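Report on the following structure.
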Amino acid sequence: MAELVPVQPFDIVIFGATGDLAQGKLLPALFHRWCDGQIPAESRIVAAARDAMSAEEFRALTAARVAPDGTVAERREAFAKFARLIDYVAVDVSDGGSGWGELEAALAGGESKIRLFYLALPPSLYGPVCGAIAKHGLRTASSRIVLEKPIGHDFHSAREINRRVGEVFPEDSIFRIDHYLGKETVQNLLILRFANFLFEPLWNANGIDHVQITVAETVGAGRRASYYDTAGALRDMVQNHLLQLMCLVAMEPPSSLDADPVRTEKLKVLRALKPVTQESVARSVVRGQYRGGVIEGEPVPGYSEELGAKSRTETFVALRAEIGNWRWAGVPFYLRTGKRMAERRSEIIVQFKQVPHDVVAADHGRPHPNRLVIRLQPDEGVKLMLMTKDPGPGGVRLRYVPLNLSFAETFTKDYPDAYERLLMAVVRGNLALFMRGDEVEAAWRWTDRVIAAWQDGQSELYPYAAGTDGPTQAALLLERDGREWF
Ligand code: NDP
Ligand code: BG6
């Protein structure tokens, strides 16, 4: 597998190293890549956060998350070796903060290596931290910076972040992560579309009836409730993950899979999104918030109870978007995401048009339109629903069956998770899996209009019971168009 080729030695500074993202995703991802022999021994991980603690204490904190007591001894031993790469420095990255001299000392001697700064921090600190990196001379010629989503909380704050980061780092060293772009099936979508002849001639308003993109989660806001309450599902999921998926489905064929051809085509989709109005938002966007309910047999509290306060933040959004260009004229893209839903399921469904004429008698069954189902998680795979003849005697009877490509059954090898792949892509300098600044801003421009319509009091917040498919109004959104969610 190409991914197992070792990368060049690097130093990575993880700002926010004690936080949920660093502990839950980044350090485990680095550990897994190290276990697979991809990270050279000369590499270093410099963890940074405000808490004062020794490197030993930080390693113990991380071990408790990544290889806790009770995991197999082999993993604990491997972690003990990996942990030798890790140092810890207490740094306050806010303006005028302390600890930068110590960070400089920790990085000394690594000037010729690739240097990564990973900002696992609240986005309001992205500007100050870049200013401090420049002020303390920490940016080397081969430095790269990684920004987590959401980049800002609206168009203006995103533009300001892009401006401040851009004062220190050139665009080709800025890696804006949307971890959905690192998922195996999401990457495969481009190959499916552009390395097969089959789909492209039909991939437009002539062949496609509509597209559905669902990212349903069973988890609630949980430990991140205080952040989540300032964001909501639209900012947290739609502005980035769902719009990125939509771009990959809707974009024109790029000249290559290099970074700029792909990113330019995605940008064109975002810019072609039909602008929303207050009236269209009231009609085409459904907001919901979960109440208590039952998930997988367990009772779970409602959002307000989890948060400990009443809130009007949405934990569910369903919307109908349209792309105003020749290819997609009149084809709705239905996007839906929510927390505490009935099942964890992320899927892109492309519904083709009905055949123009029935060749079999109606009492032998009606043909269903072909449907391409791209399952991102769990059970990654691609399924093409086709009409066939039910086998056996008794004349022609139609049957709707899947042509099924299950990744687990077809590919026996394990592949790295999204963060593992993306971190290695940053070390390699491969920008194709990351968002360009103008893409992020274009996505915010559209999202801001929806938020503005909500703030003008045009939006209801519909309750839904945890463990369901969201508010019934989401079903009505499609029913009105004579369609249903799959
Ligand atoms: P947390 O609140 O869990 O962690 C924030 C980290 O930042 C802590 O280590 C905190 O440590 C540190 N920090 C805060 N203020 C400062 C400061 N002034 N100087 C230095 N360090 C500081 O947040 P998350 O880990 O959840 O999120 C981090 C970023 O990643 C956010 O932008 C978030 O939106 C994004 N993200 C997170 C995901 C997740 O699954 N958690 C998923 C996708 C994106 P201390 O307070 O000790 O300094
Ligand atoms: C993050 C969101 O970006 O994606 C979270 O901030 C969400 O709220 C998560 O839970 C979902 O990611 P995944 O990979 O578990 O689908």
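Computed from a prediction, not measured in an experiment: that's the story for all the values here. Indexing begins at 1, ligand by ligand and atom by atom, following the structure's order.
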*Do ligand 1 and Ala22 have nitrogen or oxygen atoms that lie under 3.5 Å from each other?*
no
*Would you say ligand 1 has an N or O under 3.5 Å from any N or O of Gly16?*
yes
Please state which protein non-hydrogen atom is closest to [atom] and give its distance, to 0.1 Å?
{"atom": "atom 25 (O) of ligand 1", "answer": "Leu21 N, 2.8 Å"}
{"atom": "atom 19 (N) of ligand 1", "answer": "Val93 N, 2.9 Å"}
{"atom": "atom 35 (C) of ligand 1", "answer": "Lys149 O, 3.4 Å"}
{"atom": "atom 4 (O) of ligand 1", "answer": "Gly19 CA, 3.3 Å"}

*Proximal candidate to atom 44 (C) of ligand 1 [heavy atom criterion; set Lys25, His241, Gln23, Glu148]*: Glu148
*Among Thr18, Asp20, Asp178, which one has a heavy atom closest to atom 23 (O) of ligand 1?*
Asp20
_According to side chain to side chain donor-acceptor pair (under 3.5 Å), who are the partners of Arg159, at least two apart in sequence or on a separate chain?_
none
_One pair to check against side-chain hydrogen bond (donor to acceptor under 3.5 Å, both in side chains): Gln351 and Arg371. What are the steps and the verdict?_
CA-CA 5 Å; Gln351 175 83 347; Arg371 187 183 297 164; 2.9 Å; yes
*For ligand 1, note which part of Arg50 has a heavy atom under 4.0 Å away: side chain, backbone, both or neither.*
both
*asked:* Checking contacts here: is it the side chain or the backbone of Arg224 that comes within 4.0 Å of ligand 1, counting heavy atoms only? Could be both or neither.
replied: side chain
Could you tell me whether [X] and [Y] have a side-chain N and a carboxylate O separated by less than 4.0 Å?
{"X": "Arg59", "Y": "Glu57", "result": "no"}
{"X": "Glu347", "Y": "Arg336", "result": "no"}
{"X": "Arg33", "Y": "Glu420", "result": "yes"}
{"X": "Asp11", "Y": "Lys113", "result": "yes"}
{"X": "Arg436", "Y": "Asp260", "result": "yes"}

*Could you please spell out the steps behind the side-chain hydrogen bond (donor to acceptor under 3.5 Å, both in side chains) verdict for Thr313 and Asp229?*
CA-CA 6 Å; Thr313 298; Asp229 200 55; 2.9 Å; yes
*Would you confirm whether any non-hydrogen atom of the protein falls under 4.0 Å from atom 2 (O) of ligand 1?*
no
*Give a yes/no verdict on whether any heavy atom in Ala120 is under 4.0 Å from an atom of ligand 1.*
yes
*Decide yes or no on side-chain hydrogen bond (donor to acceptor under 3.5 Å, both in side chains) for Arg344 and Thr218, but give the supporting numbers first.*
CA-CA 5 Å; Arg344 176 170 181 256; Thr218 50; over 6 Å; no
Please identify which atoms of ligand 1 are closer than 4.0 Å to at least one heavy atom of [X].
{"X": "Tyr126", "answer": "32 (O)"}
{"X": "Leu125", "answer": "15 (N), 16 (C), 17 (C), 18 (N)"}
{"X": "Pro123", "answer": "32 (O)"}
{"X": "Asp51", "answer": "47 (O)"}
{"X": "Pro150", "answer": "34 (O)"}
{"X": "Leu121", "answer": "7 (O), 12 (C), 13 (N), 21 (N), 22 (C), 28 (C), 29 (C), 31 (C), 32 (O)"}
{"X": "Val91", "answer": "19 (N), 20 (C)"}

*Give the protein residues with at least one non-hydrogen atom closer than 4.0 Å to an atom of ligand 2, ordered by chain and number.*
Lys149, His179, Tyr180, Lys183, Glu217, Arg224, Asp236, Met237, His241, Lys339, Gln377
_I'd like to know whether the aromatic ring centres of Phe333 and His210 sit less than 6.0 Å apart in this structure._
no
*Under the side-chain hydrogen bond (donor to acceptor under 3.5 Å, both in side chains) rule, what do Ser157 and Asp154 come out as? Steps first, then yes or no, please.*
CA-CA 6 Å; Ser157 56; Asp154 59 9; 2.7 Å; yes
*Restricting to pairs with a member in residues 142-176, which pass ring-ring contact (aromatic ring centres under 6.0 Å, His included), not counting sequence neighbours?*
Phe175-Phe434
*Name all pairs fulfilling the ring-ring contact (aromatic ring centres under 6.0 Å, His included) condition that reach into residues 287-321, sequence neighbours left out, sorted by first residue then second.*
Tyr290-Tyr303, Phe316-Tyr464
*Under the 6.0 Å and 45° cation-pi test, does Arg164 pair with Tyr126?*
no
*From Lys339 atom NZ to Gln289 atom CD, the distance as rounded to the nearest 0.5 Å*: 13.5 Å
